[in-house]
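The next block holds one structure in the form of structure tokens; read it before the comments.
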Amino acid sequence: MLASTSSRRGTSGRADTARRLQTREEQLGKVVTQRLEAQLAWFRGMDPADKQWVSAVAKSGISSFISWYQDPSTPLRGVLDVFRSAPRELVRSVSLQQTLQLLRVVVEVVEERVPDLAQPQAQAELKEAVLVYSREVAFAAADIYARAAEARGSWDARLEAMVIDALVRGDSVDELASRSAAFGWQSQGSVAVLIGRAPRRSAHKSISEIRRAARKWAEDVLVGVHDDRLLIVLGGADDLEAAALALSHYYGPSDVVVGPQVSTLAEAGTSAASALWALRTASAWQSTPRPVHADQLLPERAIAGDDSAVTALIDGVHAPLAAGSGSLLETVTAYLDHGGSLEATGRSLHVHPNTVRYRLKKITGLIGHDPTESRSAFVIRIALVLGRLSSVGQLSLSHNPTPGI
């Protein structure tokens, strides 16, 4: 008999509390909004539209709690509905930590008003209900943020793959600018592309590992495998040489090429194209360093049909020598034709060997290649051939920006 009476009193007390909650729902919502404004700086800094829906989510949480309190048989996991009004906006504008701060404010407001919302014998039950409900909302929020992060990670991976594909295809600067904006590239520093053969292991595992390693060297990073090539795009790398050397460990056993630095990700197609041509032709240089800069392979690239390499050799080597004073073009041509002999070169030019030596030093300072060094001599010789052909109109460019590898 006593148990039955106690049960009826408990049921009656809960029903009375539910009615009081219902009548004060609007008031509780207003107090919560005021408290958010007073206590949370991030809420105060929001624009009016964002404030409005954050307040709406808070009020929705109160309403959902009242509904659940009226009918305890309602599954607690139904509180996920609190966030379904704008889950994407919530995750984008408010962090999980801020969401939990929001929940804490709601709980504080309700707990402070427990004496007004429940009779003395029902107050403990209301407090417990608030704690149970808030715990479930916290779990629900964490689940939503985890799912959103997973979805965002998948979307970012797709965007990253699209940018990598665009770089390899040689898309226009405008197209790359659009794709890089969608990806969310932030770095304002120079950009360089590293290309080599992909390692022989699980692609997902290696890309994740490589991305973590690359982020130690650059402000922004893109990583992707296209066919059998691994591309790493570095933005804002303080020490590109050290970064390239460290990251070459993640490539396959063949050559690793560093493309020339460009100003933005939208222009990275130029770096990628140079690197791709260099990767294609690196085997022609028997002692290719690893990593190697794409511009170190200008002769091989030019012979293989890379128009940009042809232009770079003519503009960077032949043109300055032809425009220079002191018979520099004539001197280096004679020096190479006579097998690097100072005496033979001097005799052919009717000058002293010391004059030849002086001119060679001047040439080195002008074009950055020393004719007395074998590799530089090869670069200069190819540049001179291309320059002569161009000057007589016998050089036709194919206008093919990227090689078919």
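Not measured: the values here are computed from a predicted model.
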Roughly how far, to the nearest 0.5 Å, is the [atom2] atom of [Y] from the [atom1] atom of [X]?
X: Gln123; Y: Leu117; atom1: CD; atom2: CG; value: 9.0 Å
X: Ile382; Y: Leu313; atom1: CD1; atom2: CG; value: 8.0 Å
X: Glu330; Y: Ser348; atom1: CD; atom2: OG; value: 7.5 Å
X: Asp315; Y: Leu386; atom1: CG; atom2: CG; value: 11.0 Å
X: Leu126; Y: Tyr69; atom1: CG; atom2: OH; value: 5.0 Å
X: Asp255; Y: Ile195; atom1: CG; atom2: CD1; value: 12.5 Å

Please step through salt bridge (Lys or Arg N to Asp or Glu O under 4.0 Å) for the pair Arg381 and Asp337, ending with a clear verdict. CA-CA 9 Å; Arg381 184 178 290 280; Asp337 286 346; 3.7 Å; yes
Minimum heavy-atom separation for [X] to [Y], with atom names?
X: His318; Y: Arg388; answer: NE2-N, 4.0 Å
X: Leu194; Y: Ala244; answer: CD2-CA, 3.8 Å
X: Gln296; Y: Pro299; answer: O-CD, 4.3 Å
X: Leu366; Y: Pro320; answer: CD2-O, 3.5 Å
X: Val114; Y: Lys127; answer: CG2-CG, 3.9 Å
X: Ala213; Y: Trp217; answer: O-CD1, 3.4 Å

State whether the side chain of [X] and the backbone N or O of [Y] hold a donor-acceptor pair below 3.5 Å, judged by distance alone.
X: Arg290; Y: Ser248; value: yes
X: Tyr250; Y: Leu230; value: no
X: Thr288; Y: Ala282; value: yes
X: His352; Y: Asn354; value: yes
X: Ser274; Y: Ser271; value: no
X: Thr331; Y: Ser327; value: yes
X: Arg44; Y: Ala38; value: yes
X: Arg301; Y: Ala294; value: yes

Could you check if a side-chain atom of [X] sits within less than 4.5 angstrom of a side-chain atom of [Y], using non-hydrogen atoms only?
X: Val31; Y: Glu112; value: no
X: Glu108; Y: Arg35; value: yes
X: Arg229; Y: Leu276; value: yes
X: Leu234; Y: Val221; value: yes
X: Val292; Y: Pro289; value: yes
X: Asp220; Y: Leu265; value: no
X: Val106; Y: Phe65; value: no
X: Val379; Y: Leu298; value: no

Please indicate whether [X] has more than 12 foreign heavy atoms, meaning atoms of other residues, nucleotides or ligands, lying under 6.0 Å from its [atom1].
X: Lys51; atom1: NZ; result: yes
X: Glu373; atom1: CD; result: yes
X: Gln52; atom1: CD; result: no

May I have the step-by-step check of side chain to side chain contact (heavy atoms under 4.5 Å, CB included) for Leu342 and Leu360, ending in yes or no? CA-CA 10 Å; Leu342 294 173; Leu360 292 178; 3.8 Å; yes
Side chain to side chain contact (heavy atoms under 4.5 Å, CB included) between Arg280 and Asp306, intermediate numbers included: CA-CA 11 Å; Arg280 178 185 180 185; Asp306 181 2; over 6 Å; no
Going by atom types alone, do Gln101 and Trp42 pair a side-chain donor with an acceptor below 3.5 Å? yes
Side chains of Gln70 and Ser67: any donor to acceptor distance under 3.5 Å? no
With side chain to side chain donor-acceptor pair (under 3.5 Å) as the test, would you mind laying out the steps for Gln261 and Ser190 before giving the verdict? CA-CA 6 Å; Gln261 289 183 291; Ser190 57; 3.0 Å; yes
Go through it in stages, so that I can follow the logic: the residues are Tyr335 and Ile363, the test is side chain to side chain contact (heavy atoms under 4.5 Å, CB included), and I'd like the CA-CA distance, side-chain angles, deciding distance and then a yes or no. CA-CA 12 Å; Tyr335 179 77; Ile363 288 168; over 6 Å; no
Apply the test side chain to side chain contact (heavy atoms under 4.5 Å, CB included) to residues Leu336 and Leu384: give CA-CA distance (whole Å), side-chain angles for both, the deciding distance (0.1 Å), then the verdict. CA-CA 10 Å; Leu336 295 176; Leu384 296 184; 4.1 Å; yes
Do the side chains of Glu37 and Lys30 get close enough for a salt bridge, i.e. N-O under 4.0 angstrom? no
